[in-house]
A.B. asks: 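Quick one: this structure, given as structure tokens, is what I'll be asking you about.
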Amino acid sequence: MRFLKTLSFLILFSTLTFAQAAAPKAASPSASDSTVADELKKMQDALAAQQKQIMLQQQEIEALRGQLATNSEAHVVDASMHSLEPADANAVAVAQGSQLTEPEKPKESPLSFRIGAAEFTPGGFVDFTTVFRSTNTGNPIGTNFNAIPYSNQIQGHLTEFRMTAQHSRLSLKMNTKYGENNITGYVEADFNGNDAANVFVTSNSHTNRLRLYWVDLKRGKWEILGGQSWSLLTPNRVGISPDPGDVFNTRNMDPNYQVGLPYARQAGFRLGYHPDEHWALALGVENPDQYVAAGEVIYPFAYNAALGIQFDAANQSTVPSVHPDIIPKITYDTNFAGGRHFHGEVAGLLTTVKIAIPGQFGIPTHSTSGGGGDAAINVDLFKQLKFVGNAFYSYGGGRYVGGLGPQAVVRPIATGNVVVPFDARSSLVHGGGTVFGFEAPINKSITLAAYYGGAYFQRNSFPDITSPITLLNPISCNGLHGTFQNKPCIGFGGGNSPNSANRALQEGTFDWIQTFFKDPQHGTLQLIMQYSYVTRSPWFVAAGAPKNAHLSMAYVNLRYILP
């Protein structure tokens, strides 16, 4: 560079000297001055052109140096070119001629790969779980809260110890862009399927099952999702996102989460709208199920056989339905006080039960519609303390509270007709649940969480006027304040109802998550510990029977999360 500047100076100096020596004698001062000014102007133009040419040559030299340096890292450049969109790849090619290429930054997940314009990211984790329960619920890793045995049962005096890897999970996420459409596909599976009866004998061959399988398309302010996803009724941590990390299902190790949490994973279709960065609205239609829980609802005697195929008692998937469950949702998100996050939401439910009752003139049908609502909040109280809570109440939404209560019962009606003296109508059951607690990320290694959850289902019982049985001792179907009569009580929660007809369930939980290391290239290793105390109380307690069932359980889990 100094050489070029020196050369330019010498050329300019010699040119000026030559011009002065060769200039002819002017006849007059004015003519001489004009000639000299013209020559100086020409030399200045020539000098500017030379300087411009020198600058271009210098840029070419620098570009050649950059290309020489880049050739030694050609494999890095080629890899980065293949991971970019065509427009971005062209930009990189142009930039290579003017500057050195920086080393390629590591991807967020080293397992990601591309097929065409789509990027695929495998995920999931490997679990080794130990479960201890103070009574024998008869479950592997996921707790059936409805099956907690009473102290007057054999299982109530036996403990339970399990070791399993069945909660391990595999997932695959796909992202691509087509024009203005941002498309995300997601599939997730674990091994908590319907196991064979002899699964723990030798092979422990747990059944793989589908958890999530959906595709989501975003275009501008609109969003469309179809497939099997978390229900819109499940509380979110962020917006209306279906991503598992944006859904609130506690930090519990138990695959059945927490008593009182409204949730479902089921097929559906939803339409979302994002008017701005804070608000989101969605409307979903989701798979229905006429659900009466296992052994909790008693049908009218005259229609027992006909109704058994019309309701799911947790034992069949072929029950009828009149329309999908309809769920609207509105959410609000914002950041405040230096990055703390607030999420609030309200959601609704519209559901319908339809039954067919044989009568004198064919088989007439009757339907009853109900619904419910849920409100949830997720807010950072401090940098290291988060409050979470939700409340759900419904008329016919019991299956969304972990399937712990029935959706409906069937009430017999006297017609006054001698030939067909009875008819029947469906009647929905009031029920709901709540979960609230705190989550505390103490530091990068330790996260603590504590939750309380409760579920309640209202009694819906009445005399079975279709029954040929007449009781010797009158009973009340609605407790001490009801009318005593001589027919058996049916429906849900009446006199002499089974002790599986739960009035209330409660669970308190404490979680400790210890992270040993977390690296985007090598994954995450965690120790997850959970302790819970659970109680369940039935509507009817026979003389001398325990008033409730209770359970202590502990999970210790070693988890490796794929990077």
Side-chain angles (χ1 to χ4, degrees), residues 109-111 121-145 147 158-173 186-212 244-245 247 249-258 261 263 265 439 441-451 507 509-534 551-563:
S109 172
L111 302 180
T121 304
F125 49 76
V126 179
D127 266 2
F128 174 67
T129 310
T130 300
V131 186
F132 172 81
R133 297 188 181 96
S134 60
T135 60
N136 180 212
T137 63
N139 313 124
I141 187 172
T143 305
N144 184 351
F145 300 109
L158 297 173
T159 59
E160 189 173 75
F161 183 87
R162 307 275 186 195
M163 299 175 71
T164 179
Q166 69 183 111
H167 195 43
S168 300
R169 190 176 301 171
L170 297 172
S171 67
L172 181 65
K173 191 172 187 178
Y186 186 78
V187 58
E188 181 179 278
D190 64 13
F191 300 88
N192 285 321
N194 295 322
D195 285 338
N198 65 345
V199 67
F200 285 115
V201 177
T202 53
S203 63
N204 287 253
S205 302
H206 298 287
T207 306
N208 185 244
R209 68 168 182 174
L210 174 69
R211 283 174 58 90
L212 302 170
V247 174
N249 51 27
T250 74
R251 304 295 186 192
N252 291 1
M253 185 59 221
D254 192 336
N256 287 339
Y257 310 112
Q258 182 84 17
L261 178 70
Y263 76 94
R265 291 188 303 271
E439 298 173 346
I442 304 300
N443 51 44
K444 293 182 179 180
S445 300
I446 298 175
T447 297
L448 304 179
Y451 309 98
E507 180 183 12
T509 298
F510 177 77
D511 299 326
W512 181 308
I513 303 175
Q514 178 74 49
T515 301
F516 296 112
F517 69 80
K518 183 177 182 179
D519 184 87
Q521 297 298 302
H522 301 96
T524 303
L525 183 64
Q526 293 179 330
L527 178 67
I528 304 173
M529 295 174 286
Q530 174 188 338
Y531 170 78
S532 294
Y533 182 77
V534 188
L551 165 72
S552 288
M553 62 180 178
Y555 287 80
V556 179
N557 178 76
L558 187 64
R559 172 175 292 178
Y560 170 70
I561 304 173
L562 297 177

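Nothing here was measured: the structure is a model prediction, and the numbers come from that model.
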A.B. asks: Applying side-chain hydrogen bond (donor to acceptor under 3.5 Å, both in side chains), can you list everything that pairs with Arg162, at least two apart in sequence or on another chain?
C.D. replies: none

A.B. asks: Is any side-chain heavy atom of Val556 closer than 4.5 Å to one of Leu527?
C.D. replies: yes

A.B. asks: What's the separation between atom CD in Gln514 and atom CE in Met529, rounded to the nearest 0.5 Å?
C.D. replies: 7.0 Å

A.B. asks: State, without any angle test, whether Asn252 and Asp254 hold a side-chain donor-acceptor pair at a distance under 3.5 Å.
C.D. replies: no

A.B. asks: Tell me if a side-chain donor or acceptor on Asn144 pairs with a main-chain N or O of Asn139 at a distance below 3.5 Å.
C.D. replies: no

A.B. asks: Shortest non-hydrogen contact from Pro110 to Pro520?
C.D. replies: CD-O, 3.2 Å

A.B. asks: Take Leu558 and Leu525 through the test side chain to side chain contact (heavy atoms under 4.5 Å, CB included) and record every step on the way to the result.
C.D. replies: CA-CA 8 Å; Leu558 187 64; Leu525 183 64; 4.1 Å; yes

A.B. asks: With Asp511, which residues qualify under salt bridge (Lys or Arg N to Asp or Glu O under 4.0 Å), at least two apart?
C.D. replies: none

A.B. asks: Just checking, is any N or O donor in the side chain of Ser532 or Gln530 under 3.5 Å from an acceptor N or O on the other one?
C.D. replies: yes

A.B. asks: Does Thr164 reach the main-chain N or O of Thr129 with its side chain, forming a donor-acceptor pair under 3.5 Å?
C.D. replies: no

A.B. asks: Taking all non-hydrogen atoms of both residues, which atom of Pro563 and which atom of Gly523 are closest, and how far apart?
C.D. replies: CB-N, 3.4 Å

A.B. asks: Quick check for you: to the nearest 0.5 Å, what is the distance between Phe191 atom CZ and Arg209 atom CZ?
C.D. replies: 11.0 Å

A.B. asks: Just one of Thr143, Thr159, Leu158 clears the side-chain contact (heavy atoms from CB on, under 4.5 Å) bar with Arg133, so which one?
C.D. replies: Thr143

A.B. asks: I would like to know whether Tyr555 and Ile528 meet side chain to side chain contact (heavy atoms under 4.5 Å, CB included); could you show each step before the answer?
C.D. replies: CA-CA 8 Å; Tyr555 287 80; Ile528 304 173; over 6 Å; no

A.B. asks: Quick one: does any side-chain atom of Asp127 pair with a main-chain N or O of Gln166 as donor and acceptor, under 3.5 Å?
C.D. replies: no

A.B. asks: Examine distances only and state if a side-chain atom of Asp519 and a backbone atom of His522 form a donor-acceptor pair shorter than 3.5 Å.
C.D. replies: yes

A.B. asks: Tell me whether Glu160 contacts the main-chain N or O of Gly138 through its side chain, where contact means a donor paired with an acceptor under 3.5 Å.
C.D. replies: yes

A.B. asks: Please find the pair of heavy atoms, one from Arg251 and one from Tyr451, that lie closest to each other, and give the distance.
C.D. replies: N-OH, 3.0 Å

A.B. asks: Could you work out, with ring pair (Phe, Tyr, Trp, His ring centres under 6.0 Å) as the rule, every residue matching Tyr263, not counting sequence neighbours?
C.D. replies: Tyr257

A.B. asks: Residues in side-chain hydrogen bond (donor to acceptor under 3.5 Å, both in side chains) with Asn249, at least two apart?
C.D. replies: none

A.B. asks: Does the Thr137 side chain pair with the main chain of Ala147, one donor and one acceptor, at a distance under 3.5 Å?
C.D. replies: no

A.B. asks: Which distance, rounded to the nearest 0.5 Å, do you find between the CZ of Arg169 and the CD1 of Ile561?
C.D. replies: 10.0 Å

A.B. asks: Could you tell me if Tyr531 and Ser552 have a donor-acceptor pair between their side chains, going purely by distance under 3.5 Å?
C.D. replies: yes

A.B. asks: Evaluate side chain to side chain contact (heavy atoms under 4.5 Å, CB included) for Phe128 paired with Met163, printing each intermediate quantity in order.
C.D. replies: CA-CA 7 Å; Phe128 174 67; Met163 299 175 71; 3.2 Å; yes

A.B. asks: Considering all heavy atoms of both residues, which atom of Pro122 and which atom of Leu111 are nearest to each other, and what is their separation?
C.D. replies: CD-O, 3.4 Å

A.B. asks: With the side chain counted from C-beta on, respond yes when Phe145 and Leu551 share a heavy-atom pair under 4.5 Å apart, and no when they do not.
C.D. replies: no

A.B. asks: So Lys518 and Lys444, side chain to side chain contact (heavy atoms under 4.5 Å, CB included) or not? Walk me through it.
C.D. replies: CA-CA 9 Å; Lys518 183 177 182 179; Lys444 293 182 179 180; over 6 Å; no

A.B. asks: Give, for atom OG1 of Thr515 and atom CD1 of Ile513, the distance between the pair rounded to the nearest 0.5 Å.
C.D. replies: 7.0 Å

A.B. asks: Please check if the side chain of Gln258 supplies one atom and the backbone of Glu507 the other of a donor-acceptor pair under 3.5 Å.
C.D. replies: yes

A.B. asks: So, for Pro255 and Ile141, which heavy atoms are closest and what is the spacing to 0.1 Å?
C.D. replies: CD-O, 3.6 Å

A.B. asks: According to ring pair (Phe, Tyr, Trp, His ring centres under 6.0 Å), who are the partners of Tyr186, at least two apart in sequence or on a separate chain?
C.D. replies: Trp214

A.B. asks: Nearest 0.5 Å please: distance from the OH atom of Tyr560 over to the OG atom of Ser168.
C.D. replies: 13.0 Å

A.B. asks: Where is the tightest heavy-atom contact between Glu439 and Ala449, given as atom of each residue plus distance?
C.D. replies: CG-CB, 4.1 Å

A.B. asks: In Å, rounded to the nearest 0.5 Å, how long is the span from CG of Leu170 to CZ of Phe125?
C.D. replies: 9.5 Å

A.B. asks: State which residues pass ring pair (Phe, Tyr, Trp, His ring centres under 6.0 Å) with Phe200; sequence neighbours excluded, sorted by chain then number.
C.D. replies: His206

